[in-house]
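Let me begin by presenting the structure, written as structure tokens, before commenting on it.
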Amino acid sequence: MGSRNENTPESLCEHENDKLLASGNDDNLNKTKYVSTPVEGAQLPLKTTSPSVEGRSNTLSSHSRSSKSTDAKTEDHNMKIPNWRKKILKFSVTLMFFVMAIGVIVIWTLHEGGGEIMKEDGLFTFDTDELELFLNLREEENAIKLNLGGVELKTLVKDTSVNDKCENPSNKYCYVLADGTALNLRSSQMYGVQCYHVSWKNLTSFLPEDCLELNHGFWYGFVNNKNPSRNTWPIQNMQISKRAILTGHNKGIGDIYDYYWLSSTGTTFYIINDVSVQVSFNHSNNNLFCLSPVSKETSSSLEYALCQGSSMKEAHIGTSKKFGLQPAVSFNNTDLEWIMDFIWDTQSLVIEDTKELIDFIVNATTSYNLSCSLIEIPLKFVSHFGDFKISSDIAKSLEELKNLKCSMLFNVFPVSSFESLNFVPGIRSKMFIENSFSDATYLQNYRDTQCAIWDLWNRNVQRFLLKELSKLMVSFSIQKFNLLTVPSVDRLENNWPSRTKELYTHWLNLLGNLTAWPNFQEATYRTQNIPSVIEISFKQVPSEKNASQTCLSNSIPNLLTVSLYGYPLLVSTLDLSTMNDNVDPEILLRWLQVSTFIPAMKPPVAAFIQNKNILSYASNEILGLHKSIYREIDLQKYLVNSDQPLIRPIWWITPDPKTFTIADQFLVGDDILVAPVFCSGQRFRDIYLPETAVKSVWQHHFRNGTIRNFAAGGWLRKFHVAAFEIPYFLRKDVHPIASSDD
């Protein structure tokens, strides 16, 4: 019996395999460890009853010609093979060759397309070699790409298999590294959106950096109330180098009210857990949005979701429902009558202006039929942050305002300055938040003053604050509170990466125990479930194009973004601090005009004291139009669990490239279009009138009583807007004219 090393059918397969591998396909066969070589263990069909099979060479003549063997015995033996057997053998080898070739092509295709493919209403592809996730709901479009973990992770997982030790069977893919670090990927479908969840847990050996490509569509989702002119809509033009961002205000980024971003492709990005993160956005025009935890000490996990819907609108609605970006159910019990009047802003006044303030209120209420439903107690009337006392001299003036039937809005500081009478007793009684890494009271620079932060997890602190604020309410007829910005308390304790959301919640619940909902917030973080009024700040700024011209900052991007975040009750304010508290009268007019369409307005008293002649216009035309709009709108519909924002971008009703970049217009519902003018001396502007689902026109009411209809679906170029003209349009359905036979 002969040896099987060279002349067996198994040897024949190996020879043919060698020929295939020699042609340059060995890399394709071995590049991914999740695909086996198709020819492994293959055999030719043999007849076991034939006595001549064992020990006989089955080498084809074509193969023999290429062989260097000159064994005469083998050649003589081959001559004895019947022709019919040669044909069968040749056919078998040829067939096997084609099967192997097809196998190689399939392996190559799978490797290029990714290690796994999953279809669940949409197409999700996870490349297990490159650790890249591709999302594409609509297969005719290019997929959105998410690179997971960064270069370091690829090194760490080289000896780890996908689906290795998945804790949850619903997770389609997971990696668990030797040190316990876990990456889990899973999908879910709800409310018309398909979401892919990425979860990092037990981060001990490294900090992952996940990067999303931005080269698909337009993205939205940053707020900058302190510097509204720096915000853009969409945010594509922003460039942010890698930095840690905390809840609250961040220089260069703005105010973090939520971790939520939306794309015109119908894709949303939402960070689920409350953590501080490091982000970079389009840094050096790299078209990447990257995020990672700040540190392993304070952030042991990171979880976020990428969701896709059939359109940008549907993606937003589905994501809002899924993750709670909706206003509170308890808005049902709110008293909203005060939004029909001005809320008087007194922050530009000093104590010496007290008599002028009282004279102004008397004149406004008696001569101009304006109400004093809410007036803000100036910050400067309170000695120091954390004091809950008002000097006796000021108290007399406030008593006069109370006699004018004014209700007070009191600003609450969430901190105590080192100059406050409550600072030292608070330190001794452990009433302030401590830094667990140093076991000392945590001090922060708050409005250029060293301050400690009230610890509202401490019941004794809650009782103290309730007692002090209750006394103020009784003494000064306080109806509402305005919670000033809560400083970030992130990263103060291990395994508690973000306490800021809880701190905001504690404050709002405490103030809600004192007054009827809602109270006001200067800024916020993920408090959609608590009724509150959020401030949108406009500023008087120099024109970027003309140094001699003043403008109103374009805060429409902030207005739209906060509204999309799920805060329907917004109040418009005018910050005069950038221009030494002096206001250009035309800027005051333009601010009043845009604020008419925002649920609440807080005009600065100082601006009206300088421009008393505008009071009549503000009372009759501005406030009159504001009341008519908000009496006609069913505001309650947008305040209770609504998945549709009251203040909307133009693309909400017309999602096309023309509307994706319109940053200076907005809608109130679907039927009111607002196109503000921002600069003094400006008399013309271009206005886009969006197409609507129902055949309709956009109707403008001129100040002189003229009414004109304009066709939907195009631009009004150089539309004239006089100084006292309010540039807004009402959508009116066009009904077919009945024929004479009807």
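Just the heavy atoms: all of them, side chains too, but no hydrogens, waters or symmetry mates, feed the values below.
Rounding to the nearest 0.5 Å gives a distance of 6.0 Å between SG of Cys372 and CG of Leu401. To the nearest 0.5 Å, atoms CD1 (Ile361) and OG1 (Thr366) are separated by 10.5 Å. Interatomic distance, Glu502 CD to Asp274 CG, rounded to the nearest 0.5 Å: 8.0 Å. Distance CG/Leu615 to CG/Asn363: 7.0 Å, rounded to 0.5 Å. Rounding to the nearest 0.5 Å places NZ of Lys467 at 16.0 Å from CD of Gln462. In this structure, CG in Asn529 is found 11.5 Å from CG in Leu325, a value given to the nearest 0.5 Å.
Judged by distance alone, the side chain of Asn369 and the main-chain N or O of Thr365 form no donor-acceptor pair under 3.5 Å. Put simply, the side chain of Thr527 never gets that close to the backbone of Ile530: no donor and acceptor are under 3.5 Å apart. Side chain of Ser563 to main chain of Leu559: no donor-acceptor pair is present (N/O by atom type, distance under 3.5 Å, no hydrogens or angles). Judged by distance alone, with hydrogens and angles left aside, the side-chain atoms of Asn482 form no donor-acceptor pair with the main-chain N or O of Phe410 at under 3.5 Å. Asn445 contributes a side-chain N or O that, together with a main-chain N or O of Asp448, makes up a donor-acceptor pair within less than 3.5 Å. Of the possible polar contacts, none joining the Arg631 side chain to the Ser628 backbone as a donor-acceptor pair under 3.5 Å is found. Formation of a donor-acceptor pair under 3.5 Å by the Asp345 side chain with backbone atoms of Gln347 is found in this model. The backbone N or O of Pro599 sits less than 3.5 Å from a side-chain atom of His626, completing a donor-acceptor pair. In this structure a side-chain-to-backbone donor-acceptor pair under 3.5 Å is present from Asp387 to Leu421. Under the 3.5 Å distance criterion, the side-chain polar atoms of Asn273 are matched with a main-chain donor or acceptor of Glu303.
Applying the side-chain contact (heavy atoms from CB on, under 4.5 Å) rule to Ala305 yields the partners His197, Ile272, Cys307, Phe323; only residues at least two apart in sequence or on another chain are considered. Judged as a side-chain contact (heavy atoms from CB on, under 4.5 Å), and not counting sequence neighbours, the contacts of Asp359 are Lys355. For Cys451, there are no disulfide (SG to SG under 2.5 Å) partners at least two apart in sequence or on another chain. The side-chain contact (heavy atoms from CB on, under 4.5 Å) search around Met190 returns Lys322, not counting sequence neighbours. Scanning for side-chain contact (heavy atoms from CB on, under 4.5 Å) contacts around Glu632 gives an empty result, with sequence neighbours left out.
Around atom NZ of Lys402, more than 12 heavy atoms belonging to other residues, nucleotides or ligands sit under 6.0 Å away. Open room surrounds NZ on Lys430; 12 or fewer heavy atoms of other groups in view lie less than 6.0 Å from it.
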Hey, mind stepping through Thr354 and Ser397 against side-chain hydrogen bond (donor to acceptor under 3.5 Å, both in side chains) and telling me if it holds? CA-CA 7 Å; Thr354 304; Ser397 300; 4.6 Å; no
Could you walk me through whether Gln444 and Tyr442 pass side-chain hydrogen bond (donor to acceptor under 3.5 Å, both in side chains), step by step? CA-CA 7 Å; Gln444 189 175 88; Tyr442 176 63; 3.2 Å; yes
CA sep, side-chain torsions, deciding dist, call: Val677, Val594, side chain to side chain contact (heavy atoms under 4.5 Å, CB included): CA-CA 8 Å; Val677 171; Val594 67; over 6 Å; no
Assess whether ring pair (Phe, Tyr, Trp, His ring centres under 6.0 Å) is satisfied between Tyr257 and Tyr525, documenting all intermediate values. CA-CA 4 Å; Tyr257 290 3; Tyr525 176 68; 9.1 Å; no
Could you walk me through whether Val275 and Tyr304 satisfy the side chain to side chain contact (heavy atoms under 4.5 Å, CB included) test, starting with their C-alpha distance in whole Å, then the side-chain angles of each, then the deciding distance to 0.1 Å, before giving a yes or no? CA-CA 11 Å; Val275 295; Tyr304 59 88; over 6 Å; no
Using side chain to side chain contact (heavy atoms under 4.5 Å, CB included), reason through Ile235 and Met238 one step at a time and then give a plain yes or no. CA-CA 6 Å; Ile235 58 178; Met238 295 181 71; 3.9 Å; yes
Please determine whether ring pair (Phe, Tyr, Trp, His ring centres under 6.0 Å) holds for the pair Phe360 and Trp344, giving the CA-CA distance in whole Å, both sets of side-chain angles, and the decisive distance to 0.1 Å. CA-CA 11 Å; Phe360 169 80; Trp344 297 107; 5.3 Å; yes
Could you please spell out the steps behind the side chain to side chain contact (heavy atoms under 4.5 Å, CB included) verdict for Ile614 and Asn611? CA-CA 6 Å; Ile614 297 178; Asn611 300 277; 3.8 Å; yes
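In this structure, Tyr260 has its ring center under 6.0 Å from that of His316. Taking the six-membered ring where the residue is Trp, the centroids of Phe464 and Trp454 are separated by under 6.0 Å. Aromatic ring centres of Phe432 and Trp457: separated by at least 6.0 Å. Checked against a 6.0 Å centroid threshold, the rings of Tyr220 and Trp651 count as neighbours.
Looking at Glu522 and Arg447, a side-chain N of the basic residue comes within less than 4.0 Å of a carboxylate O on the acidic one, giving a salt bridge. Salt bridge present: Asp670 and Arg648 bring a charged side-chain N and a carboxylate O closer than 4.0 Å.
Nearest heavy-atom pair across Ile478 and Lys480 is CG2-O, 3.4 Å. Between Arg526 and Tyr567, the closest heavy-atom pair is N-OH, 3.4 Å. Residue Lys612 comes nearest to Tyr368 through the heavy atom pair O-OH, 4.1 Å, listed as atom of the first residue, atom of the second, then distance. Nearest heavy atoms, Pro414 versus Tyr446: CD-OH, 3.7 Å. Looking at every heavy atom in both residues, Ser373 comes nearest to Trp338 through OG-O, 4.3 Å. Of all the heavy atoms in Thr268 and Leu262, the pair that sits closest is CG2-CD1, 3.4 Å.
Two residues are said to be in side-chain contact when any heavy atoms from C-beta on lie closer than 4.5 Å; Ile587 and Phe678 fail this criterion. Using a 4.5 Å heavy-atom threshold, the side chains of Ile453 and Leu503 count as touching. By the 4.5 Å heavy-atom criterion applied to side chains, Phe520 and Leu483 are not counted as neighbours.
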Throw together a table of side-chain donor-acceptor distances under 3.5 angstrom for residues 531-539, partners on residues two or more places apart or in other chains.
{"from": "Ser532", "atom 1": "OG", "to": "Gln521", "atom 2": "NE2", "distance (Å)": "2.8"}
{"from": "Lys539", "atom 1": "NZ", "to": "Asp575", "atom 2": "OD2", "distance (Å)": "2.5"}

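Results of the side-chain hydrogen bond (donor to acceptor under 3.5 Å, both in side chains) test with Trp591 over Ser572, Ser555, Ser553 single out Ser572 as the only residue that passes.
Gln528 and Asp258 share a donor-acceptor pair across their side chains, judged by distance under 3.5 Å alone. Counted by atom type alone, Thr515 and Asn519 present one or more donor-acceptor pairs between their side chains at under 3.5 Å. Side chains of Glu376 and Asn411: a donor-acceptor N/O pair is present below 3.5 angstrom, by distance only. For the residue pair Glu434/Thr441, the side-chain donor-acceptor check at 3.5 Å is not satisfied.
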